Amino acid sequence: MELTIVRHGEPQRGLEGTDRADPWLSDRGHEQAVRVARHLQEEAPYQALYCSPLLRARQTADHIGEALGLAPMVDEGLSEFDRHAPEYLHFEDLKAADDPRYHAFLRGDLSAWGTDAATFRTEVLEAMDRIVERHRGQRVVVVSHGGVTNVFLGTIIGLDRLSFHAPEYTGISRVIAGGPGKRGLVSINETAHLRGLPAAAHTVGTASPHGDKAPTRA
């Protein structure tokens, strides 16, 4: 069977309160999701669509599901390692700020996000195995996160680390899966559908879960 793994679109910045832990897609994130949905629609048919329960992944999956005529099925095991953290952290910001949490992540230390590498890896691999077992001989889209993608693909190519590449928002990776443990990596981080999309311009403004503009905050 074939797994088409899609990272979620860009999350909204500048949120406050509990929204910081589970941000919705920015306007740009919605545009990315629409583009990847149209791209996958050209490859149809797909037989199933799975997603992480986190809002940024569910909204991305909603766009894809509309294009493919599939209802997204949520699997908790596809959650990012920050699922229990009080806020979503943009790793590009952590890296630019030389934040200690970024370096801890590179060492495989996820304590800042309330989990550990072994637990996270087990959850991801068990979720992917469940999907493969349910859909033998079929083509399935999985909408998830950068950490999930890194752990799953890294395992296939024999890397025992949390991260080996930086997937773009709505970047596509593909895997062929057979019986237990039989996985073949086809591609990593396809982004042809994003060509022509202007570079991100980060602002302090927010957007609603439906992509509508909200007042800019100081």
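Everything quoted here is computed from the prediction, not taken from an experiment.
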So, the side chain of [X] versus the backbone of [Y]: is there a donor-acceptor pair under 3.5 Å, distance only?
| X | Y | answer |
| --- | --- | --- |
| Glu87 | Arg20 | no |
| Asp82 | Ala85 | no |
| Arg139 | Glu43 | yes |
| Thr60 | Gly9 | yes |
| Ser26 | Glu10 | yes |
| Arg161 | Ser163 | yes |
| Glu80 | Gly147 | yes |

Non-hydrogen atoms of [X] and [Y] that approach each other most closely:
| X | Y | answer |
| --- | --- | --- |
| Pro167 | Arg7 | O-NH1, 2.7 Å |
| Ala67 | Ala37 | CB-O, 3.6 Å |
| Ser111 | Asp109 | OG-OD1, 2.8 Å |
| Pro72 | Asp62 | CG-OD1, 3.8 Å |
| Gly154 | Phe164 | N-CE2, 3.5 Å |

Same apolar cluster (I L V M F W Y, side chains within < 4.5 Å links), [X]/[Y]:
| X | Y | result |
| --- | --- | --- |
| Leu162 | Tyr102 | yes |
| Leu40 | Met1 | no |
| Val143 | Leu54 | no |
| Phe120 | Ile156 | yes |
| Val142 | Val148 | yes |

Within the 4.5 Å heavy-atom criterion, are [X] and [Y] side-chain neighbours or not?
| X | Y | result |
| --- | --- | --- |
| Leu89 | Arg101 | yes |
| Phe81 | Val124 | no |
| Thr170 | His193 | yes |
| Leu78 | Met128 | yes |
| Leu3 | Phe152 | yes |
| Leu49 | Leu68 | no |
| Pro53 | Ser79 | yes |

Working to the nearest 0.5 Å, report the span between [atom1] of [X] and [atom2] of [Y].
| X | Y | atom1 | atom2 | answer |
| --- | --- | --- | --- | --- |
| His39 | Thr4 | NE2 | OG1 | 9.0 Å |
| Asn150 | Leu159 | CG | CG | 9.5 Å |
| Leu194 | Glu31 | CG | CD | 9.0 Å |
| Glu190 | Ser173 | CD | OG | 7.5 Å |

Decide, yes or no, whether a salt bridge links [X] with [Y] under the criterion of side-chain N to carboxylate O below 4.0 Å.
| X | Y | result |
| --- | --- | --- |
| Glu76 | Arg83 | yes |
| Asp19 | Arg56 | no |
| Asp93 | Arg13 | yes |
| Arg38 | Glu42 | no |
| Asp160 | Arg121 | yes |

message: Can you tell me which residue among Gln32, His30, Arg35 is in a side-chain hydrogen bond (donor to acceptor under 3.5 Å, both in side chains) with His63?
response: His30
By ring-ring contact (aromatic ring centres under 6.0 Å, His included) - contacts of His8 (at least two apart): His145, Tyr169
- request: Verify side-chain contact (heavy atoms from CB on, under 4.5 Å) between Thr119 and Thr122, making sure each step is shown before the conclusion.
  value: CA-CA 5 Å; Thr119 298; Thr122 296; 5.9 Å; no
Any donor-acceptor pair under 3.5 Å linking the side-chain atoms of [Y] with those of [X]?
| X | Y | value |
| --- | --- | --- |
| His135 | Tyr46 | no |
| His165 | Asn189 | no |
| Glu168 | Thr191 | no |

Residue that, paired with Arg174, satisfies side-chain contact (heavy atoms from CB on, under 4.5 Å) out of Val186, Leu153, Ile5, Leu185: Val186
task: Before giving the answer on side-chain contact (heavy atoms from CB on, under 4.5 Å), spell out for Leu70 and Tyr50 the whole-Å C-alpha distance, their side-chain angles and the decisive distance to 0.1 Å.
output: CA-CA 10 Å; Leu70 296 171; Tyr50 285 82; over 6 Å; no
- prompt: Where do Arg130 and Arg134 land on the side-chain contact (heavy atoms from CB on, under 4.5 Å) test, with the steps shown first?
  reply: CA-CA 6 Å; Arg130 283 194 297 271; Arg134 290 172 189 157; 3.8 Å; yes
message: Please confirm whether the ring centroid of His103 lies under 6.0 Å from the ring centroid of Phe105.
response: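 Here the rings of Phe105 and His103 have centres that are no less than 6.0 Å from each other.
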query: Got a sec: does the CD of Glu2 have more than 12 other heavy atoms crowding it under 6.0 Å?
result: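 Yes.
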Greater than 12 external heavy atoms within 6.0 Å of Arg195's CZ: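 Not more than 12 within 6.0 Å, no.
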Ring geometry between Phe91 and Trp113 (parallel below 30°, tilted from 30 to 60°, perpendicular above 60°): parallel
